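Can you keep this structure in mind? I'll have questions shortly.
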Number of protein chains: 2
Amino acid sequence: MKSLGKTLKDSRELISLTLRQVEEATGISNAYLSQLENDKIKKPSANVLYKLASLYNVELDSLLYAAGIIEQESPQKNKLLNTIALSAEKLTNDEEQALLDYLKYLRFSKK
Amino acid sequence: MKSLGKTLKDSRELISLTLRQVEEATGISNAYLSQLENDKIKKPSANVLYKLASLYNVELDSLLYAAGIIEQESPQKNKLLNTIALSAEKLTNDEEQALLDYLKYLRFSKK
DNA sequence: ACAAAAATCTAAATATATCAAGCAAAGATA
DNA sequence: TATCTTTGCTTGATATATTTAGATTTTTGT
């Protein structure tokens with residue numbers, strides 16, 4: 001399994017960017033990028049991984065996989081979503097919150 | 001936009017776990033979980049977010065979104081539906097009906 | 001081949017995440 | 001009521017991520 005560092009370095013080189021260009025584009029220091037590419041960092045923030053995935057045009061999942069955070073690259077994406085009755089209409093934030101609270105209430109009052 | 005802390009707390013309460021149970025299941029200390037839920041932590045590791053998304057049965061994307069890391073969630077999905085569809089505790093017919101009724105009530109009473 | 005510039009890397013300093021211990025409030029139990 | 005648990009939280013200590021500054025290596029122009 002390819003390490004996170006090698007994955008990042010390969011991805012960067014594929015689009016011919018220097019560490020300083022990546023720093024410019026993401027705000028992540030080139031020094032830190034270097035440490036990432038040399039596997040000195042065990043648990044980078046989601047923030048950093050997402051920025052790099054975006055810039056390098058790779059799936060966040062592939063970085064998470066290389067970092068050993070997830071087991072498989074395409075985990076159980078649940079297609080059940082589409083079958084849920086509520087799916088048609090968009091919810092406002094307030095509606096969503098109200099429904100969540102209500103569901104919580106339903107489940108607690110049952111027990 | 002709902003904060004990461006509130007998102008995490010809502011998700012945890014939906015499946016009725018205590019902070020200490022989450023600590024047991026994930027290895028993340030209850031003290032830290034509390035700080036996460038109270039928005040004391042700005043950039044948690046991908047590791048932590050992924051563990052919680054898995055345990056709470058929510059999409060990692062929804063946590064990244066709540067944390068302000070990504071701009072928009074995966075289209076045509078919303079957090080409530082994710083929560084319900086992926087939840088370990090399945091939505092019963094009665095619950096679904098109750099939620100539908102309640103949503104109807106919310107929308108009508110607003111106008 | 002040599003110098004200058006660009007690129008990567010190291011080390012020390014700083015910022016932030018994460019943990020261990022223990023506190024206070026709310027609940028259960030007797 | 002008094003006591004024992006459970007629960008979420010705060011604080012101080014530690015580990016780790018991330019930055020700043022600078023050293024070393026690699027590339028480029030002449």
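Order of the sequence lines fixes the chain letters, A, B, ..., with proteins taken first and strands second; residue numbering starts at 1 for each chain. From a predicted model like this one, the values you see are computed outputs, not experimental measurements.
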Separation of D:dT6 atom C1' from B:E24 atom CD, nearest Å, is 15 Å
Each nucleotide of nucleotides 7-13 of chain D classed B (base within 4.0 Å of a protein heavy atom), S (only sugar-phosphate) or -, in 5' to 3' order, makes BBBBB--
When rounded to whole Å, the CG to C1' distance for the pair A:L33 and C:dA7 reads 13 Å
From CG of A:L36 across to C1' of C:dT10 the rounded distance in Å is 15 Å
In this structure, OG of A:S3 is separated from CD of A:E37 (nearest 0.5 Å) by 10.0 Å
| said: I'd like to check B:Y65 versus B:E59 (side-chain heavy atoms, cut-off strictly below 4.5 Å). Are they in contact? | reply: no
Between B:E23 and B:K43, whichever has its closest DNA chain C nucleotide further toward 5' is B:K43
Sorted by chain and residue number, the salt bridge (charged side-chain N to carboxylate O under 4.0 Å, His left out) partners of A:K6 (sequence neighbours excluded) come out as A:D10
Taken to the nearest whole Å, CD1/B:I41 to P/D:dA17 is 15 Å
Salt bridge (Lys or Arg N to Asp or Glu O under 4.0 Å) pairs touching residues 39-53 of chain A, sequence neighbours excluded, are none
Report yes or no: does B:S34 contribute a side-chain atom to a donor-acceptor pair with the main-chain N or O of B:N30 at less than 3.5 Å? no
Only one of B:L33, B:T7, B:L60 passes side chain to side chain contact (heavy atoms under 4.5 Å, CB included) with B:L52, and that residue is B:L33
